[in-house]
Amino acid sequence: EAWIGNKENQERLIVKEQSSLFRKHIYDTLQLKYKQLVFETISNSDKYNDKEIHIFKFVDEKAREEYFAKKLQEKEGSFASLIGFTSVFQLLMDSKKPMIGHNCYFDLLFLYSHFIEPLPYKFEEFKKTFNKSFPEIYDTKFIFENSRFRQKAEKSTSLDALTPLCRNEEDKDFYDVKITLEEGFKAYEFGNTENARYHEAGYDAFLTGYVYAKSFFALDKEDQLRMKNSVNVLKSLYYLKLDAEDPLYKQVNSLWFCFP
């Protein structure tokens, strides 16, 4: 009562008590009796019972509103940090810009399950929802597997195999692309072959974009349209077509076994 009546003392009152039963008693009695006060439990460590009750009083209603505004801002900041990359993913969905990947079928499943919703039971539902979120997707592996560039990549269509092909300046079949890196960001320079960072996320994304630009923009409009939303599926007779039925590959070498 003395602390409440002392208007000059605006410091918070701290109640140090390890008992959860006592803390509940304070909330059940004092909080109801002194509604002008604000009670808040503060944890000092990860230990369950290492907590204090901080009781706040305010000189006027403006000070009270400022306190709650500050607490709301703190909670929103904490919530934003918990959301993490989801906020970036939401911006990507809102932008509707093309998504470029390399052999990215499982990447699409991962993105869907972690940032949209759990994978549905029906495959068609997955395709419909993902296509609505990202209406334009290109797979550089599919581009090379299903275009005139296939004969250039005789041994492999892996990303580290396609990059040297696209970098061959004597081959005029590819689209002319010049890459300039800013000062201080030279680790991804093409000349740095000894320290090439294959399978590092940023480097693979950089190479995927480069291979896409070199190959896709060298295709005619009909082939470009065919590559849209077509994704390679590993060891499958079909490929993923996000905005239509999954077509069968035109040229397939396979063995068919029929048992009685």
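Quantities reported herein were computed from a predicted structural model and do not represent experimental measurements. Computed over heavy atoms, backbone and side chain alike; hydrogens, waters and symmetry mates excluded.
Here F68 is tied into one hydrophobic group with V38, F56, F58, Y67, each link being a pair of ILVMFWY side chains closer than 4.5 Å. In the hydrophobic clustering (ILVMFWY side chains linked at under 4.5 Å, chained through shared members), L91 stands by itself.
Between V211 and F144 the shortest heavy-atom distance is CG1-CE1, 3.5 Å. Nearest heavy atoms, K152 versus D171: NZ-OD2, 2.9 Å. Considering all non-hydrogen atoms of both residues, K214 and D176 come closest at NZ-CA, 4.4 Å. For the pair P135 and N229, the tightest heavy-atom approach, listed with the atom from each and the gap, is O-ND2, 3.1 Å. Minimum interatomic distance between Q224 and L219 (heavy atoms only, all atoms of both residues): NE2-O, 3.3 Å. Here the closest heavy-atom approach between residue S147 and residue M227 is recorded as CB-CE, 3.9 Å.
E222 has its side chain out of reach of L225: every pair of non-hydrogen atoms, C-beta onward, lies at least 4.5 Å apart. Contact annotation: the side chain of T140 never approaches that of F149 to less than 4.5 Å [non-hydrogen atoms, C-beta and beyond]. Looking only at side-chain heavy atoms (C-beta outward), I137 and F130 come within less than 4.5 Å of each other.
In the displayed structure, L72 atom CG is contacted under 6.0 Å by more than 12 heavy atoms of other residues, nucleotides or ligands. Heavy-atom neighbours of E74 CD from other residues, nucleotides or ligands within 6.0 Å: above the threshold of 12.
Counting only distance, with no hydrogens or angles, the side chain of K241 and the backbone of K228 share a donor-acceptor pair below 3.5 Å. Panel note: side chain K172, backbone E169; a donor-acceptor pair is recorded below 3.5 Å. Using modelled atom types, one side-chain atom of D204 and one backbone atom of H199 make a donor-acceptor pair closer than 3.5 Å. Checked by atom type and distance alone, the side chain of S95 pairs as donor or acceptor with a backbone atom of L92 at under 3.5 Å.
Remark: S87 OG to F79 CZ distance equals 10.5 Å, nearest 0.5 Å. L108 CG to S133 OG: the interatomic distance, rounded to the nearest 0.5 Å, is 11.0 Å. The structure places CG of L207 at 9.5 Å from CZ of R167, a figure rounded to the nearest 0.5 Å. Atom-to-atom distance recorded for E189:CD and I179:CD1 is 12.0 Å, nearest 0.5 angstrom. Rounded to the nearest 0.5 angstrom, N131 CG and E136 CD are separated by 10.0 Å. Interatomic distance, R64 CZ to L37 CG, rounded to the nearest 0.5 Å: 8.0 Å.
Evaluated for a side-chain hydrogen bond (donor to acceptor under 3.5 Å, both in side chains) with K141, the options T208, T157, N232, N146 yield exactly one hit, T157. Between F217 and the choices Y175, Y138, Y210, F174, the ring-ring contact (aromatic ring centres under 6.0 Å, His included) rule is met once, by Y175.
Taking 4.0 Å as the cut-off between side-chain N and carboxylate O, E125 and K128 do not count as a salt-bridged pair. The existence of a salt bridge linking E65 and K62 is excluded, since no basic side-chain nitrogen approaches an acidic carboxylate oxygen closer than 4.0 Å.
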Derivation and outcome, side-chain contact (heavy atoms from CB on, under 4.5 Å), residues F123 and L240: CA-CA 11 Å; F123 188 59; L240 173 65; 3.5 Å; yes
Trace of the side-chain contact (heavy atoms from CB on, under 4.5 Å) decision for Y238 with V233: CA-CA 7 Å; Y238 295 83; V233 179; over 6 Å; no
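Relative orientation of the F89 and F85 rings is tilted, given thresholds of 30° and 60° on the angle between their planes.
In the hydrophobic cluster analysis, where Ile, Leu, Val, Met, Phe, Trp and Tyr join through side-chain heavy atoms closer than 4.5 angstrom, L109 is grouped together with I116. Linking Ile, Leu, Val, Met, Phe, Trp and Tyr whenever their side-chain heavy atoms come within less than 4.5 Å leaves M93 and I83 in two separate clusters. Residues F110 and Y105 do not share a hydrophobic cluster, clusters being chains of Ile/Leu/Val/Met/Phe/Trp/Tyr side chains in contact below 4.5 Å.
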